[in-house]
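Okay, structure first, notes after.
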Amino acid sequence: MVSGGVSKFAKARPDATFQKIVKESFDYAMNDVPKLKHSRIDGSVVSYFSDHFTRQLMAGIMATDYLGLCPKPNKRVEGGGATGGLCFQAGWEAVASGRMNVCVAFGFETMSHVPTWKGNEFIALASDVNFDYPVGGFYSGYYAMMVNRHMHEFGTTVEQLAMVSVKNHMNAYGNPYAQKRRKLTIADVRNSTMVAYPLTLLDICVMSDGAATCILADEETAFKLTDHPVKITGVGTGTDMMRMADRPHGEVILAPNEKKSDYRNLKYPGVHSFRAGRSAGLQAYKMAGITDPLKQLDFIELHDAYTSSEIQTYEDLALCKYGDGGKFVEAGCPFMPQIDYGMKLPMKGTLPVNPSGGLIACGHPVGATGLMQAVFAFWQIQGSIKKHYGNGELQLKKADRGLIHSHAGTGTYVTVSIMERGW
Amino acid sequence: MARKNPTNPPAESKKVEELMTGTTVFNIPLPADLKALKGMSPIVIKQPYHIDYIHSYGQDSPFFAGLSNGKLLGTMCGKCKYTYATPRLACAQCGRETKWVEIPQSGRVHTFTTCYFGGEEFLKETPFHLILVEFEGVDTLFLSRLIGPVGPEDIRIGMKVKAKFRRNSQLKPTDVYFVPSE
Ligand SMILES: [Zn+2]
């Protein structure tokens with residue numbers, strides 16, 4: 001990866017159509033790699049999640065032509081909430097296969113065109129319309145059922161969930177691209193409006209208008225374009241059954257740092273864990289040569305559509321054992337070492353998760369989200385956070401290797417990509 | 001409106017008919033200097049969108065017929081005996097075609113939530129409880145509504161529940177719902 005750019009995520013962008021929002025993120029990325037001539041781009045991949053939100057079929061090509069990337073190759077990639085992560089990997093595939101030397105991966109979503117509850121209805125259509133949607137289709141409800149089971153199985157608490165919200169909102173304070181930058185307490189999160197028990201308004205990400213662009217190149221070209229390229233050393237993609245009710249109750253898929261005896265009585269994945277996330281993580285770890293992710297990763301940008309899914313994902317990514325996600329956050333492990341959260345955190349900064357503020361605070365313009373994570377991770381690894389954010393508050397001292405994680409449905413598509421300092 | 005003599009219409013008929021539907025704008029004054037247009041506020045219009053889908057339940061149809069007969073139909077794989085509470089006609093374990101079986105009408109709450117908001121279509125029904133039901137001898141779960149308890153504090157995982165059926169079938173999965181049975 002040689003460059004990246006994002007539009008500022010906002011609740012609504014009535015001033016611009018999706019093409020212009022995409023162009024903002026594309027121009028940002030192009031300006032950051034001045035040696036790259038537009039003519040040297042070999043093609044692109046584009047992602048957006050929902051034709052319902054756009055009310056424009058083939059919006060992908062309209063964004064592509066607005067960027068002046070015709071008649072070069074392009075295709076749309078879509079996979080629910082993981083759309084952006086899949087697009088990033090499709091861009092990587094185009095380069096890794098040798099088909100392109102320079103590929104632009106960009107994505108967008110304009111969710112403000114319908115009222116919030118209509119938007120929730122559209123999103124819920126990403127559940128089985130024969131058996132799930134008509135019962136009261138609502139993603140926050142689905143995630144609430146998952147976390148209630150997680151709490152039952154492992155003793156996870158609502159305060160532990162709230163800590164994720166405090167962390168991510170506080171981190172976003174230093175990120176000018178984030179939609180929600182707020183200093184909160186655990187009590188604020190718990191006293192906020194209940195949406196689907198036990199998840200409150202502050203446990204849940206918001207809808208956004210936004211776009212993100214990543215420019216990918218092969219190694220030789222990359223070094224011609226920049227002195228500080230970031231190498232993608234591992235990719236993994238996992239899937240699971242659309243209907244949560246259909247998930248098996250079998251044996252845990254073990255990570256290299258786990259044993260069968262760790263999980264004698266656990267039925268897996270059930271509805272408390274994401275088999276797709278575990279599968280994607282293990283593929284990416286294997287490819288990148290990671291056997292102990294907690295030690296071998298410097299930071300993670302993961303898909304925290306819900307505070308609960310961040311905790312579930314710590315476990316899927318084997319940062320801790322299944323069931324220990326709540327304790328992991330309570331100990332302070334995923335918090336930034338340099339930020340004051342107003343809480344006692346004995347193991348603060350072990351492995352910062354969502355230094356950017358994640359989806360909860362940055363916003364979740366679905367087709368852009370997975371690419372946004374790649375851009376924030378890219379800047380973190382380059383050590384260029386100060387340049388791009390206008391302040392260095394969120395720059396980690398050591399950020400040589402990061403992980404990005406994109407997640408769809410109730411865990412139906414999950415992508416994990418490992419990004420490393422390439423110079 | 002169609003006019004007579006379409007082969008040689010009079011000049012004035014080439015005008016577009018003036019409509020009074022959708023957005024009506026009488027005048028948006030333009031500046032003398034077109035550069036100033038970059039500062040113009042966006043024009044935002046409303047676009048209605050309504051569709052009636054002709055949706056077929058396809059191979060899942062017998063399930064809905066079952067509900068209207070007061071029965072919960074699931075499927076079972078003849079080879080691996082895996083039983084699905086929410087029917088699927090192809091076994092996800094081995095790929096074989098499954099057969100229809102009747103599943104128990106009582107089970108336990110595997111997990112639950114109370115929705116205080118929802119998609120627009122269901123907003124008027126909030127708050128409502130969603131549960132995943134587990135049944136003895138059945139390998140997968142079933143999503144349904146739980147009727148009766150007031151708030152989430154009245155529901156617990158493991159609680160016994162039994163199926164009830166709407167008298168007037170709507171041919172929707174909500175033709176069945178569960179109530180506490182302990
Ligand atoms: Zn089978």
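Fair warning: this is a prediction, and the values are worked out from it, not measured in the lab. Chain letters run A, B, ... following the sequence lines, proteins first and then strands; every chain starts at 1.
Chain A forms more heavy-atom pairs under 4.5 Å with one residue of B:Lys172, B:Glu134, B:Arg88 than with any other, namely B:Arg88. Between chain B and the options A:Pro198, A:Gly270, A:Ala16, A:Gly137, heavy-atom pairs under 4.5 Å are most frequent for A:Gly137. With respect to chain A, the highest number of heavy-atom pairs below 4.5 Å among B:Tyr49, B:Phe63, B:Tyr84 belongs to B:Phe63. Counting heavy-atom pairs closer than 4.5 Å to chain A, the top residue among B:Pro173, B:Pro152, B:Gly118, B:Gly119 is B:Gly118. Most heavy-atom pairs under 4.5 Å with chain A, from the set B:Gln93, B:Glu121, B:Met40: that is B:Glu121. With chain A as partner, the option from B:Leu132, B:Val133, B:Thr86 having the largest number of non-hydrogen pairs under 4.5 angstrom is B:Thr86. Each of A:Ser140, A:Ala196, A:Gly136 has some count of heavy-atom pairs under 4.5 Å with chain B, and the biggest count is that of A:Gly136. Of the listed residues A:Glu121, A:Met146, A:His113, the one with more heavy-atom pairs under 4.5 angstrom with chain B than any other is A:Glu121.
Using a 4.5 Å cut-off between heavy atoms, B:Tyr177 does not touch chain A at all. Of the two parts of A:Thr193, only the side chain, counted from C-beta on, holds a non-hydrogen atom closer than 4.5 Å to a non-hydrogen atom of chain B. Interface remark: A:Met241 contributes side-chain atoms only to the contact with chain B (heavy atom separation under 4.5 Å). If you measure heavy-atom distances from B:Leu130 to chain A, the contacts under 4.5 Å come from both the backbone and the side chain. Neither the backbone nor the side chain of B:Ile43 comes within contact range of chain A; no heavy atom of the residue lies under 4.5 Å from a heavy atom of that chain. Contact annotation for B:Phe112: both backbone and side-chain heavy atoms come within less than 4.5 Å of a heavy atom of chain A. There is no contact between B:Arg156 and chain A, counting heavy-atom distances below 4.5 Å. Residue B:Glu125: no heavy atom, backbone or side chain, is found under 4.5 Å from chain A. Using a 4.5 Å cut-off between heavy atoms, A:Arg149 touches chain B through backbone and side chain atoms alike. Interface residue B:Phe122: only side-chain heavy atoms are found under 4.5 Å from chain A. Proximity to chain B involves both the backbone and the side chain of A:Tyr133, based on heavy atoms less than 4.5 angstrom apart. Both the backbone and the side chain of B:Pro87 come within contact range of chain A, each with at least one heavy atom under 4.5 Å from a heavy atom of that chain.
The line from OG1 of B:Thr114 to CG of A:Asn148 is 8.5 Å long, rounded to the nearest 0.5 Å. Annotation: the span from B:Asp60 atom CG to A:Asp128 atom CG amounts to 7.0 Å, rounded to 0.5 Å. Here the straight-line distance linking atom OG1 of B:Thr111 with atom CE of A:Met244 works out to 8.0 Å at 0.5 Å rounding. Note: B:Glu120 CD to A:Phe122 CZ = 8.5 Å, rounded to the nearest 0.5 Å. One finds the CG atom of B:Leu141 at 11.0 Å from the CZ atom of A:Arg243 (value rounded to the nearest 0.5 Å). Of the inter-residue distances, the one linking B:Glu153 atom CD with A:Tyr197 atom OH reads 8.0 Å to the nearest 0.5 angstrom.
B:Asp139 places none of its side-chain heavy atoms less than 4.5 Å from the side chain of A:His249. Annotation: side chain of B:Leu143 is in contact with side chain of A:Met145 (closest heavy-atom distance under 4.5 Å). Contact check for B:His55 versus A:Asn130: side-chain heavy atoms found under the 4.5 Å cut-off.
For A:Ala245 against B:Phe142, the heavy-atom pair with the smallest separation is CB-N, 4.0 Å. B:Arg145 and A:Val135 get closest at one heavy-atom pair: NE-O, 2.5 Å. In this structure, A:Gly141 and B:Cys115 approach most closely via the heavy-atom pair CA-SG, 3.9 Å. Between A:Pro14 and B:Pro42, the shortest heavy-atom contact is O-CB, 3.0 Å.
Around atom CD of B:Glu97, no more than 12 heavy atoms belonging to other residues, nucleotides or ligands sit under 6.0 Å away. Heavy atoms from other residues, nucleotides or ligands lying under 6.0 Å from NZ of A:Lys8 number more than 12.
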